[in-house]
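Quick note: numbers below take in every heavy atom, side chains included, and nothing from hydrogens, waters or symmetry partners.
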Number of protein chains: 2
Amino acid sequence: MSTHTVTAFDEDLKEIQQLVRDMVNLASTMIDEATKSLISTDSALAKRVVSEDLIMDDYQRRLDDRAIVLIGKRQPMAQDLRAVVGALRMAGDLERIGDLAKNIAKRVDAVGKSSMPRELARSIEDMTGLVLEQVHGVIEEYEARNPEGLVRLRDEDELIDVRYTAVFRELLTYMMEDARNITACTHLLFCAKNLERIGDHVTNIAENAYYVLTGAQLPVERPKQDETGMPAPVA
Amino acid sequence: MSTHTVTAFDEDLKEIQQLVRDMVNLASTMIDEATKSLISTDSALAKRVVSEDLIMDDYQRRLDDRAIVLIGKRQPMAQDLRAVVGALRMAGDLERIGDLAKNIAKRVDAVGKSSMPRELARSIEDMTGLVLEQVHGVIEEYEARNPEGLVRLRDEDELIDVRYTAVFRELLTYMMEDARNITACTHLLFCAKNLERIGDHVTNIAENAYYVLTGAQLPVERPKQDETGMPAPVA
């Protein structure tokens, strides 16, 4: 393979990786705004998140097209091929993260002004903070080519799961206290679940990034934990 | 490209497409069993679904490995490349469908014996029936190379969304009637949502299959509908 070809491939790959970076930045903005719109019942901000999801979908389409053209044109092998296929998969997870943030935003009106207790808002904000740390972390470890960081990050998803289980129980309590809370709390349950699922997608991204960097699967898959599926603490 | 190479590619692709077919069959079994275990509180059947998900993950890993080796070895172009990339993406959606079925099964014990009203069981069974029709339909239209069938199928996902919205409202009603229903109904809400999401993944598969067959994106994306995000019918 000539030096020219290698350089051309690298440049094409760089464009694709820039698109991954753009998608991560947008995902992070959408998650942050979705939670803010939910906590403050800000319909305008929620609408903005919904429209940002169109940009996310467009990023994914562009990345997909470029990746497929690149594979066909440059016929990369080994790590180069892994990098392109890895970018395709990461884009899939990032697009799903955008969908989940959008879904939170779309519930803002359904949750309504029904006076979210301060502790509950705090719990959801804390969960969002953890999720955002994971989203930023995964791309930083990948760009720094640090597989060990990706392993650590994958394991830290458990913190999100633990927080989700706590929010789930908090919401059940509010519903039982007063039937008028049920509709709003049901939508909040889905919002919390969406944040937990965003964490799962970050885990997928970490696993993919690890595979791109090392050519090996991440050791010992961490069992997914949604403790709310366990026998419930309340009847 | 020699006839030998074309044949070798076709054989490799056939193996990959057989894996897609195996994943569809397993997904269908898992969805069916998950709902049956939920309706009849059959913990043994639920455990079976959870273990089947390991087989699903293994199918996906095998498919991924073969697809990447195939791209590297045969360097397919145009429709051949689309078919391999399409299979990779379909496998991603089928793996997620397996996860969602497993998640339903894992909620069986949390829902418990708490006397599911017959109408509610019927609604969930009907929704599952629609989902299974879609799962079977998408692979049949793809194998029959019928893009028009895939368009129709994508549009039929709306039937599942409508059914989901009805189940969602039914569940809210039960929760408001009696606070003792809240925990079980909350888990059932997630189960119904998972069925609705399985429908969304079938839509993704239909879109991918259409792209493989035609080289074009499916015309006019159907807006995803989860009506429960709209202002709720009850306070």
Chemist: Salt bridge check, B:Arg197 against A:Asp99: does any charged N sit closer than 4.0 Å to a carboxylate O?
Modeler: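 Here A:Asp99 does not pair with B:Arg197 in a salt bridge, since their nearest N and O are not under 4.0 Å apart.
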
Chemist: Can you tell which part of A:Leu88 gets under 4.5 Å to a heavy atom of chain B, answering side chain, backbone, both or neither?
Modeler: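 When you check distances to chain B, only side chain atoms of A:Leu88 fall under 4.5 Å.
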
Chemist: Name the region of A:Leu81, side chain, backbone, both or neither, that has any atom closer than 4.5 Å to a heavy atom of chain B.
Modeler: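 Side chain only.
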
Chemist: Looking at side-chain heavy atoms only, is the closest gap between B:Lys106 and B:Val50 below 4.5 Å?
Modeler: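 They are in side-chain contact.
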
Chemist: Go through the atoms of B:Arg89 and report whether side chain, backbone, both or neither lie under 4.5 Å from a heavy atom of chain A.
Modeler: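 For B:Arg89, the contact with chain A is made by the side chain alone.
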
Chemist: Do the side chains of A:Asp65 and A:Arg61 get close enough for a salt bridge, i.e. N-O under 4.0 angstrom?
Modeler: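 The answer is no: the pair does not qualify as a salt bridge.
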
Chemist: Salt bridge check: are B:Lys193 and B:Glu196 linked by an N-O gap of less than 4.0 Å?
Modeler: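 Yes, charged N to carboxylate O under 4.0 Å.
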
